[in-house]
Amino acid sequence: MATLEIRALSVGYGPVRSLRDVSLDVPAGAITAVLGGNGAGKTTLLRAISRTLGFHRGTGTGTVRFDGRPLDGLRPAQVVAAGVVQVPEGRQVFARMTVADNLRAGALGARGGRKASAGALTRVHELFPVLAQRAHQRAGLLSGGEQQMLAMGRALMARPRLLLLDEPSLGLAPLMAQRIAETVQEINASGTSVLLVEQNAAIALRLASTAYVLEVGEVTLEGPADELAASDEVRRRYLGVVDETAAEDADRAAGSVRGLSRWSA
Amino acid sequence: MTTFIELLLGGLSIGSVYALIALGFVVIFKATEVVNFAHASLLLAGGYVTAVLHDDIGFWPALAVGIAGAAVVGAAIEFLVMRRYRGSDHSVLAIVTIGVDILLTTELTRRMGTDVLALGDPWGNGVVTIGGVTLAETRIAAFLAAGLLITAFLLAFRFTSWGVSMRAAAENPQTAALMGIKLGRVSLAAWAVAGALAAVAALFLTVFPTPGLERATSLAALKAFPAAILGGLDSTTGALAGGLIVGVTESLATGYQSDLSFLGRGIGDLAPYLVMVLVLLLRPAGLFGTKELARV
Amino acid sequence: MSAVQETAPVTTAPAALAVRDVTVRFAGLTALDGVSFTVEPGSVHAVIGPNGAGKSTTFNVLSGVYRATSGSVHLGTTELTGLAPHKIAQLGVARTFQNLALPPHATVTDSLLLGRHRLTRAGFVASGLRLPSAAREARRHRERVREIAEFIGLERELDRPAGALPYGQQKLVELGRALCMEPQVLLLDEPVAGMTADERRRTAAVVAGVRDSLGISIVLVEHDMGVVMRLADAVTVLDFGRRISGGTPAEVQNDPAVVQAYLGAQE
Amino acid sequence: SEKAKSSDEGTQDKAGVKTGQGVTDKVISLGALTDMTGVYASLGKSVTQAQQLWVKQTNAAGGICDRKVELTVRDHGYDPQKAIAGYTELAPKVLGFAQFIGSPFVAAVEDRIDGQDKALVLPQAWSANLVGSKYIRVIGATYDVETINLIDYLLAEKRIAKGDKIGHVYFEGDYGENALAGSKYAAKEAGLTVVEQKIKPTDNDMTAQVAALKQAGVKAVIVSAGPRQAASLVGVAAATGFKVPVVGNNSAFAPQLLKTQAGPALAADYYVAASTLPIGDPGAGPAKLAKEYGAEYPKDGLDNGVIAGYNAASLFGEALKKACASKDLTREGIDKALLTITDFGSDFGMPHDFSDPAAPSTRESVIMKPDAKTPGGLKVVRPAEAAAAAKSYTLK
Amino acid sequence: MSETTTTETAAAPRPATPGGTALAGRLRQPRTYLWAVGSVLLLAFPFYLDRFWLQAGLFAMAAAIGAIGLNLLTGATGQLSMGHAFFLAVGAYGYCVLAGESSTENGHELSGLGLPSWLAAVLAVLLAGAAGGLFSPIASRLRGAYLGIATLALIFIGQHVLFNAGSLTGGFNGRAVPPLSLFGFGFDDTEVLVAGVPFQSSEKLWYAALLALLLSGLFARGVLRGRPGRALNAIRDHRIAAGVMGVPVARYRAGVFVLSSMYAGLAGVLLALVFQRTVPEYFGMVLSLEYLAMIVIGGLGTVAGAVVGAAFVSLLPQLLTHYSDSLPLVSDPGTGGLAPGEASRYLYGAAVVAAVLFLPGGLTRLMKNSGEKK
Ligand SMILES: Nc1ncnc2c1ncn2[C@@H]1O[C@H](COP(=O)(O)OP(=O)(O)OP(=O)(O)O)[C@@H](O)[C@H]1O
Ligand SMILES: Nc1ncnc2c1ncn2[C@@H]1O[C@H](COP(=O)(O)OP(=O)(O)OP(=O)(O)O)[C@@H](O)[C@H]1O
Ligand SMILES: [Mg+2]
Ligand SMILES: [Mg+2]
């Protein structure tokens with residue numbers, strides 16, 4: 001049984017069509033990854049689920065169901081109350097609030113009492129000790145990666161049943177990216193389904209059981225993650241060059257770029 | 001010396017009324033980052049309801065209805081106007097509140113006509129004299145009310161999730177929504193609270209020693225602007241400090257105007273603004289306001 | 001590079017960027033602690049390190065957004081320490097921002113033209129009166145903007161508001177805007193974050209192209225080791241505000257301290 | 001174009017009456033520039049309604065010079081731009097203005113009135129600065145003269161004596177500063193010292209002013225401000241045990257205040273001067289007007305604006321009748337007719353003499369005291385009288 | 001108004017088209033004809049309209065100049081200013097003092113420099129700019145609401161000075177405004193017959209104002225579309241990034257404040273000439289708020305927006321008052337119904353709200369949409 005079911009979802013921003021007829025499933029307790037290049041519509045997909053398209057004057061058709069319950073027509077807060085929580089793209093921490101208040105804000109939409117959120121807070125501090133050290137610093141002053149950790153931690157405060165991650169490893173050091181990967185796995189192991197949008201396809205495909213590839217608003221590939229990881233197309237476009245061909249590839253890529261003449265003032 | 005103390009106390013007491021008005025600005029600014037120029041008309045609305053009703057149902061019930069009424073007006077402004085704005089420019093929204101203020105003030109002054117309305121408060125023109133210094137009872141009540149309300153808000157902002165949701169919603173509505181914060185409800189509540197505060201402020205603004213509520217009462221809200229800014233637009237403590245500073249400055253500048261006559265007479269109104277400008281030169285975000293973030 | 005056209009040499013000869021003993025403290029926190037490194041003219045110098053190590057802080061010091069608590073920064077013989085950001089920009093130091101800093105409603109063209117600010121002169125009077133000099137200047141620089149947009153592959157997005165572009169392209173606009181400053185030194189803060197492998201490769205190629213065709217110095221902060229290895233001539237590694245290692249990419253990659261603090265066990 | 005045909009001055013009708021701008025065979029048009037939505041709304045409303053009542057009565061009685069009188073009202077809401085626009089709009093169309101509220105605005109168009117338009121304007125303001133023009137005629141004592149009469153009253157009642165200090169709380173602007181000139185003159189004559197307190201119309205709380213005056217040890221206070229300021233001042237003074245008489249100019253009182261908590265204090269030791277009897281006076285003139293006004297506007301309260309407005313309109317009517325008699329209904333004719341009016345308005349308490357444009361029409365003032373039981377809230381405590389100092393005082 | 005859009009395409013980045021085709025292209029646009037008709041009408045008005053309407057138009061034109069200035073500041077740079085009325089006052093009174101003769105009026109010793117009036121007008125504009133410059137420590141440091149309310153202090157300071165510096169300002173009664181004269185041609189009330197139409201001050205000033213508006217509109221448009229405009233927008237959108245891009249932020253903030261003050265000064269001079277007397281009451285907070293309303297109603301950040309907004313805000317009450325007899329709902333003052341003054345306040349308030357909610361971009365956006373794409 002699928003927890004999240006997306007059927008025939010189309011989204012547009014004004015005249016711009018950004019998703020066309022997308023159908024996608026996130027099975028209960030699984031990690032599902034979505035890959036795709038710039039502008040493929042990954043963020044748009046997540047916005048459609050979390051019902052925040054309205055903030056971008058976007059409109060959509062199609063259905064999104066969570067546990068059989070349609071999410072269309074709900075307000076973002078109701079979606080959160082239903083257990084679907086999104087980590088937005090580009091961190092979006094509340095810059096002027098302290099780290100501690102950011103985490104409190106994360107817990108606002110959650111069900112369960114103080115005790116539960118205290119538990120969640122301990123957990124977040126375990127995962128990202130820096131957030132405990134900096135509890136009283138304003139979030140806007142954190143480094144980029146620290147902000148990314150805060151964004152993750154904040155979402156975890158809501159104790160989601162389905163976690164929507166938009167590029168969680170963006171800007172994280174390799175070590176930290178691995179930590180995040182483990183965290184996602186752990187979260188998942190404790191019963192949370194995850195929809196993972198990642199540029200770092202290597203990580204994504206390692207974590208996920210199923211994966212979808214979006215291109216220009218359409219699902220072009222889907223299947224078990226390991227199968228996709230083996231496909232040539234995915235290897236070339238999303239997994240990047242393997243070391244042996246690096247030099248060759250780089251040259252090829254560089255060759256495709258015209259030089260830029262110097263500006264003479 | 002007694003004059004000085006009397007002026008000082010008088011200034012503190014009127015200052016607490018300014019602080020109450022300033023608190024209304026602060027609540028809305030915290031929740032929406034909008035400077036609410038319609039606060040003046042909320043003040044009128046609250047006062048008007050109280051004034052019209054007190055004869056029939058008694059002062060306290062009338063005040064309660066007045067507070068509720070102003071809260072409803074505030075909420076209505078949020079629901080009918082502020083919520084519908086799709087942009088993100090807070091200055092534009094501030095200008096919208098100017099429009100709202102014009103609408104409301106026109107309507108209310110039309111209703112009030114040229115009357116001066118009494119609010120039927122229990123203090124009348126009673127005064128308390130301590131050591132040769134006289135203070136109006138209304139002002140003591142104002143002082144207590146302001147202290148109480150401001151403390152309450154300070155605590156509420158610090159210890160309940162309301163303050164957090166407000167600031168989150170103000171700073172980044174979309175992400176706040178992603179956190180499950182009910183944006184509409186947060187700003188609706190802020191506007192309603194601001195309305196209620198305005199009604200309380202209106203009470204103290206129009207009872208003794210001022211003659212009563214009338215169309216020009218809303219102009220007094222202007223004096224709370226320097227108070228709110230001086231303290232820092234997003235700080236409850238700032239509202240209190242700012243209000244008191246403005247009250248005292250005004251009172252002293254008026255009381256000693258003969259000694260200050262080289263500046264021209266009647267600088268009582270001007271003095272708070274001069275103090276405000278000085279403070280802003282040193283602290284661009286007011287005494288207690290949150291400094292602008294400077295990192296990229 | 002075959003396509004490079006030889007034109008008149010840049011007015012200022014390329015100069016080394018020397019960071020000496022820079023310390024930055026915030027209330028109760030030392031973000032940079034006596035960091036020194038030198039960026040050789042015309043090279044790509046990578047600064048890497050764990051999150052919160054002080055890389056962006058270094059950039060903020062270099063571009064004048066932060067004032068160093070102590071230490072100095074020189075570009076050639078000019079001291080940058082303590083200069084206002086716009087003065088540093090005038091000297092030809094350009095940067096991109098880790099968290100995008102693009103006006104969402106302005107078109108890409110306008111954002112790029114903003115990069116030309118330091119190279120243009122038209123002030124209130126000249127623009128207001130539409131003096132011929134201003135018009136001539138505007139025309140010339142619009143052409144160059146188009147050239148640069150083509151170079152980074154944004155020519156089709158020129159009339160779109162930047163806010164409507166996907167994240168990855170917004171990063172490119174940032175890069176373009178910095179290029180539009182015709183910098184001597186280009187500071188890139190995570191230029192390929194949020195891109196697919198394919199796009200990373202292309203962006204890396206653009207950066208390489210910039211270095212090769214313009215011969216300017218590039219300071220690069222990036223967590224993608226592939227890109228760092230490919231582009232960097234030298235690497236400085238920071239951890240907790242201190243420089244813990246430095247050298248060629250290969251050296252650094254095998255430095256146990258770096259592996260332990262930053263890279264983790266390689267997969 | 002239509003504009004090109006030059007305006008035709010001085011045509012004559014069948015009866016041989018010379019007419020000009022604002023007068024046709026059937027209608028005499030008058031203008032009123034009033035404030036019904038701004039700071040002087042309460043004054044403006046009463047004055048305008050009283051004048052409309054007068055127009056109605058006059059027309060019912062057959063009009064003037066076989067013509068109906070028509071009053072075009074423009075509400076400027078105390079906004080200079082609208083006031084000037086209103087003047088510009090009406091000036092070519094009306095014979096004159098039965099009302100013009102806002103002395104700064106009158107001053108603003110003074111040059112046009114004196115220079116080209118030459119239409120009679122009856123401002124509802126009593127600043128000495130308005131006196132001196134042939135066409136702008138103030139009805140009643142100016143604020144300075146009125147203030148002198150107020151101080152005279154205090155002296156006569158032995159509330160103050162030579163050597164005392166008196167406080168003067170006054171508005172920034174024309175009104176207050178003109179009154180201050182009067183109090184300074186009276187103080188000089190009577191050996192008093194004036195302690196000044198300048199305030200703005202937005203000041204509603206007189207606590208600090210009272211504290212300062214108390215400290216200065218004044219024996220009486222003059223208020224040349226609005227009703228609210230007077231009420232606050234009197235209220236604070238009473239409450240803080242600062243027991244001195246307070247006197248105010250005609251603009252410093254409104255009957256609505258008697259219902260507020262300052263009411264008792266106002267009724268106790270506060271006095272107001274004016275150049276007409278109060279509307280609640282038992283005398284024939286005010287009583288008749290009060291009755292008629294009440295019948296016409298049952299919902300609206302009575303105040304002294306009613307008399308002021310009615311009086312001004314009647315004066316205009318008087319001038320019209322005289323002009324009609326001399327068969328000259330042009331603006332010039334009206335101005336000439338007005339100069340022959342020397343005993344106008346005794347119905348309302350005192351005679352006015354308009355023969356000298358450089359002098360106020362009277363130097364007398366009625367002194368009144370708030371009284372909640374009287375309609376309009378004021379009763380006379382000293383009938384019209386001019387103090388010696390008021391007679392010797394030279395304007396400006 | 002027409003003059004501001006005549007060069008719609010001048011600054012566009014299109015490759016240079018031969019003048020002929022561009023002209024032909026423009027001739028095909030219906031808007032070109034609309035503007036042409038508008039311009040002719042504007043030029044012909046003094047021959048047909050009476051003084052009331054001309055004066056209303058003059059007020060609107062002066063307001064438009066002031067609003068353009070404010071739009072540079074608030075619209076383009078995001079610096080909220082509520083002190084615009086102060087700079088209008090500096091312009092108006094500055095002109096009076098510079099051009100007026102020393103004299104005694106209403107008991108005030110008035111001092112004046114008696115300069116030629118055209119020179120006085122120029123100097124008054126510069127004076128307003130200098131006043132803006134004096135405020136630059138604050139203008140360059142504060143932002144948003146803080147700056148907005150800090151500038152409110154200017155209003156109170158201004159009012160205080162206007163009332164108290166009697167020898168310069170004439171105190172509460174203000175000062176008479178010396179008529180403008182240019183090359184011996186006086187813009188005063190002496191009648192000059194032009195084509196049989198008597199020209200008085202309003203008629204003569206009309207053309208001067210039209211020219212001033214045209215020039216200041218074009219100037220502002222040039223600024224906005226050029227390098228300074230981009231720098232200002234960058235400051236509005238991202239202050240730190242603007243600095244890093246080489247924009248001297250404090251200097252530009254101060255600079256645009258000065259420029260906007262100069263526009264206000266010019267508007268002030270013009271208003272003074274129309275009023276023929278300056279009165280302190282006028283330059284209060286309400287006036288500042290009106291200017292803010294203008295730019296929001298018309299559209300933030302554009303010249304056309306300022307002009308349209310100014311026309312709307314300053315003509316609306318005049319229209320309503322003038323036609324109060326023939327409008328439903330609105331009734332004559334004193335008859336108990338909705339007074340025209342109130343009606344126009346309702347409409348004006350509602351317009352501000354509606355413009356923001358339903359017409360983001362203001363009235364000009366509406367016109368643009370119905371016309372051609374920009
Ligand atoms: N607010 C918006 N207004 C208009 N168009 C938008 C908006 N947001 C996204 N788009 C368009 O929708 C398409 C999909 O964008 P989306 O942000 O979903 O891509 P993405 O896959 O998340 O890309 P990236 O990997 O760069 O984040 C793009 O073409 C983009 O230009
Ligand atoms: N203005 C500031 N006030 C307080 N602390 C700051 C400020 N700027 C940076 N910091 C702190 O200094 C440290 C270094 O930050 P910096 O942004 O330089 O890290 P970084 O190396 O760029 O990390 P990342 O890779 O995550 O972007 C961080 O811990 C950050 O919280
Ligand atoms: Mg995305
Ligand atoms: Mg960083």
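Each chain gets a letter, A, B and so on, in the order the sequences are listed, and its residues count up from 1.
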Taking side chain as everything from C-beta outward and backbone as N, CA, C, O, which of these in [X] sits under 4.5 Å from a heavy atom of chain E? Side chain, backbone, both or neither.
X: L230(B); answer: neither
X: L280(B); answer: both
X: L80(B); answer: backbone
X: E107(B); answer: both
X: V81(B); answer: both

**Q.** Heavy-atom pair count under 4.5 Å with chain E, highest-scoring of A285(B), A94(B), G286(B)
**A.** A285(B)

Q | Pick from M276(B), R84(B), E33(B) with the largest number of heavy-atom pairs that fall under 4.5 Å of chain E | A | M276(B)

Checking heavy atoms, do the side chain of [X], its backbone, both or neither come under 4.5 Å from chain B?
X: R236(E); answer: neither
X: V296(E); answer: side chain
X: L300(E); answer: side chain
X: Y348(E); answer: side chain

Q. Would L274(B) and I157(E) count as a side-chain contact (heavy atoms from CB on, under 4.5 Å) if you check the C-alpha gap in whole Å, the side-chain angles of each, and the deciding distance to 0.1 Å?
A. CA-CA 8 Å; L274(B) 295 179; I157(E) 294 169; 3.7 Å; yes

Approximate separation, where rounding is to 0.5 Å, of [X] [atom1] and [Y] [atom2]:
X: T109(B); Y: R345(E); atom1: OG1; atom2: CZ; answer: 8.0 Å
X: L357(E); Y: Y85(B); atom1: CG; atom2: OH; answer: 9.5 Å
X: I102(B); Y: L347(E); atom1: CD1; atom2: CG; answer: 11.5 Å
X: L142(E); Y: L281(B); atom1: CG; atom2: CG; answer: 7.5 Å

(Q) For A145(E) versus L233(B), what's the shortest heavy-atom pair and its separation? (A) CB-CD1, 3.5 Å

Q | Heavy-atom closest pair, residues S91(B) and L80(E) | A | CB-CD1, 4.3 Å

Q.
Looking at chain B, which one of A293(E), A350(E), G144(E), A351(E) has the largest number of heavy-atom pairs inside 4.5 Å, strictly under?
A. A350(E)

**Q.** Pairs of heavy atoms under 4.5 Å with chain B: top-ranked of L152(E), I149(E), N164(E)
**A.** I149(E)

Considering only heavy atoms from C-beta outward, does the side chain of [X] approach that of [Y] to under 4.5 Å?
X: I138(E); Y: V277(B); answer: yes
X: D269(B); Y: H160(E); answer: no
X: V352(E); Y: I98(B); answer: no

Q: State which residue, out of V100(B), I77(B), I95(B), fulfils the side chain to side chain contact (heavy atoms under 4.5 Å, CB included) condition with V353(E).
A: V100(B)

Q) Do R110(B) and Y346(E) have side-chain N/O donor and acceptor atoms under 3.5 Å apart? A) yes

(Q) Please verify the inter-ring angle class for Y273(B) with F156(E); under 30° counts as parallel, over 60° as perpendicular, anything in between as tilted. (A) parallel

(Q) If you apply the rule side-chain contact (heavy atoms from CB on, under 4.5 Å), what do you find for F37(B) with M82(E), and how did you get there? (A) CA-CA 12 Å; F37(B) 289 102; M82(E) 301 180 58; 3.4 Å; yes

Q: Keeping the roles fixed (side chain from R141(E), backbone from P284(B)), state whether a donor-acceptor pair exists under 3.5 Å.
A: no

